[in-house]
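Take a look at the structure set out below.
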Number of protein chains: 2
Amino acid sequence: MKDFTSTPPPVKHIAEPTVRRLSGYLRFLEAFDVEGHETISSGELARAGGTTSAQVRKDLSFFGSFGKRGLGYAVKDLIASLREILGLDTRWPVVIVGAGKIGAALAQYRGFGTHGFDVVGIYDTDPSRVGTRLNGVTVRADRDLEGDIATLTPRIAVLCVPGEAAQAALDRVVGAGIRAVLNFAPTSLVAPEGVTVRAVNMATELEVLAYALTNESRD
Amino acid sequence: MKDFTSTPPPVKHIAEPTVRRLSGYLRFLEAFDVEGHETISSGELARAGGTTSAQVRKDLSFFGSFGKRGLGYAVKDLIASLREILGLDTRWPVVIVGAGKIGAALAQYRGFGTHGFDVVGIYDTDPSRVGTRLNGVTVRADRDLEGDIATLTPRIAVLCVPGEAAQAALDRVVGAGIRAVLNFAPTSLVAPEGVTVRAVNMATELEVLAYALTNESRD
DNA sequence: AGTACCTTGTGAAGGATTTCACAAGCACCC
DNA sequence: GGGTGCTTGTGAAATCCTTCACAAGGTACT
Ligand SMILES: NC(=O)c1ccc[n+]([C@@H]2O[C@H](COP(=O)([O-])OP(=O)(O)OC[C@H]3O[C@@H](n4cnc5c(N)ncnc54)[C@H](O)[C@@H]3O)[C@@H](O)[C@H]2O)c1
Ligand SMILES: NC(=O)c1ccc[n+]([C@@H]2O[C@H](COP(=O)([O-])OP(=O)(O)OC[C@H]3O[C@@H](n4cnc5c(N)ncnc54)[C@H](O)[C@@H]3O)[C@@H](O)[C@H]2O)c1
């Protein structure tokens, strides 16, 4: 018999590291489910996600109570709960700005779609790129951006333009109503209150590695 | 007259967020230098990096004392100091494993080189990709991986293989002596003690955005 | 029905990081 | 040479995040 139903819980403010870990748990659970497992303990989840079992339980406890004491978590149920928590019980249309090397790679990335995100538009200033097709989506001129955002109502934009163009591109998508942006350009952008900007910065990632290598005298 | 010289400081253990911010400061300073500015205050640096001036000063203070009270920091000197702190006073050879869409995009990414990282090898199992050239580097067969690592002595590997192949690829590069890895596959990997693995996970980034959008009722 | 065993959920403790706030240093001007 | 104004460097306080540790709840087996 079903319980009546997935407690939409209190939830105050959740730390970003927690949200990142939840995403990681979900990723692992999906694979674990495919392998045919029915339940999982916080300990197993922790090992897979590189944390501790207490951390896993604490992370989940912010949103409700999903496990059975003595048994662990029902894999399928936990997947459903995590999807709901993360806002993945609906699909998210996404636009990509910049159809260069990285933009094209992303547009053709299948994992995008399998995680609930649909690329509904991709834009470029370069006339020679406009009109080419990437994974079923035709590259459109950047002047179509605002109109398309109005009609396709994506909520997320991915910026794959050169650093010099990134702030301007951000301003345009924000002006058109976008409130969540993933930025691949290696520049830090300023956005108005209420707009979430996340950056994927290759140089920073490599530099963190370089730092770790030069300071491996830590124990 | 030169001071005698950039204090190689005490330095205990530095938190990762600090290192990330230092990388961000460096990125901004390089642009700021090109614009011809000679000095910068912690406040300006903070605005550019999305933090506070106290945070900037605290971050730097772990490594020494780089500013002049009343004036701020000399841009060129601070750039040099940050490069040294991050281990960027030498160039880093890097190998890329997997010459698919993302691996190819990275291999052709110029920003890689301008930040001190040289792609010295790129490897793929697919015979149809082997032999193609990407930005001056020829794709080689994955069986050449261990030998090349021995002769080219890269210290960093970037994994751009499918999720199923990622752990095996990690094990191979680690076995060949690599101790720092950047993983683009959406799987969390386990590495032996002493090996630093960082992950760039597109799905997680988008999910954090989706979470932010669904919970924008935070003030 | 009772016992043994296992794993969750969670206050409380502990640790880490960020923010505060201010003394000290430096440049510039009168 | 003393005063003014600005900005750094840094202990101390505050906040945030993780880990601990254990009661509570559940299963399985006898
Ligand atoms: N290639 C990589 O692996 C990689 C990795 C990390 C970060 N990046 C960053 O991603 C961004 C793009 O890199 P890339 O390698 O794809 O470069 P690219 O030159 O291949 O692509 C950039 C594309 O953006 C288009 N563009 C320029 N201004 C535009 C605008 N205002 N609106 C729409 N489109 C515009 C250009 O026409 C071009 O097609 C850069 O900021 C780069 O630093 C790239
Ligand atoms: N394309 C993207 O935008 C994107 C974005 C984020 C993450 N990723 C991840 O990056 C990885 C690669 O994605 P992609 O889109 O480039 O896929 P792809 O299929 O285009 O490329 C994968 C390449 O790896 C090669 N390969 C497979 N096993 C290998 C092995 N053991 N050794 C060496 N090479 C091997 C394949 O021959 C292929 O050329 C995947 O894990 C994907 O999830 C891709």
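Below, read A as the first sequence line, B as the second, and so on, with proteins coming before strands; counting in each chain starts at 1.
Taking CG from B:D33 and CG from B:L78, the interatomic distance works out to 10.5 Å, rounded to the nearest 0.5 Å. Atom-to-atom distance recorded for A:I122:CD1 and A:D142:CG is 12.5 Å, nearest 0.5 angstrom. One distance of note links CG of B:L22 with CG of B:L29; it measures 10.5 Å at 0.5 Å rounding. If you take CG on B:D89 and CZ on B:R83, they are separated by 9.5 Å, rounding to the nearest 0.5 Å. Atom OG1 of residue A:T214 and atom CG of residue B:L86 lie 7.5 Å apart, to the nearest 0.5 angstrom. Put simply, CZ on A:F28 and CZ on A:R47 are 9.0 Å apart, with the number rounded to the nearest 0.5 Å.
In the 5' to 3' direction, nucleotides of DNA chain C lying under 4.0 Å from heavy atoms of chain A begin and end at C:dC6 to C:dA12.
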Summarise how protein sits on nucleotides 1-7 of chain D as a single string, 5' to 3': B when a protein heavy atom is under 4.0 Å from the base, S for sugar-phosphate-only contact, - for no contact.
-----BB
In 5'-to-3' order, the base (B), backbone-only (S) or no-contact (-) status of each nucleotide in nucleotides 11-18 of chain D, using a 4.0 angstrom heavy-atom cut-off, is BB----SS
Could you go step by step and tell me if A:E205 and A:N201 meet the side chain to side chain donor-acceptor pair (under 3.5 Å) rule?
CA-CA 6 Å; A:E205 299 302 332; A:N201 195 322; over 6 Å; no
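More than 12 heavy atoms of other residues, nucleotides or ligands lie within 6.0 Å of CD in A:E146, so this atom counts as buried by the packing criterion.
Put simply, the side chain of A:R179 reaches to within 4.5 Å of the side chain of B:L213, judged on heavy atoms.
Between A:F112 and A:F117, the ring planes are perpendicular. Angles over 60° get that label, and only those under 30° would be called parallel.
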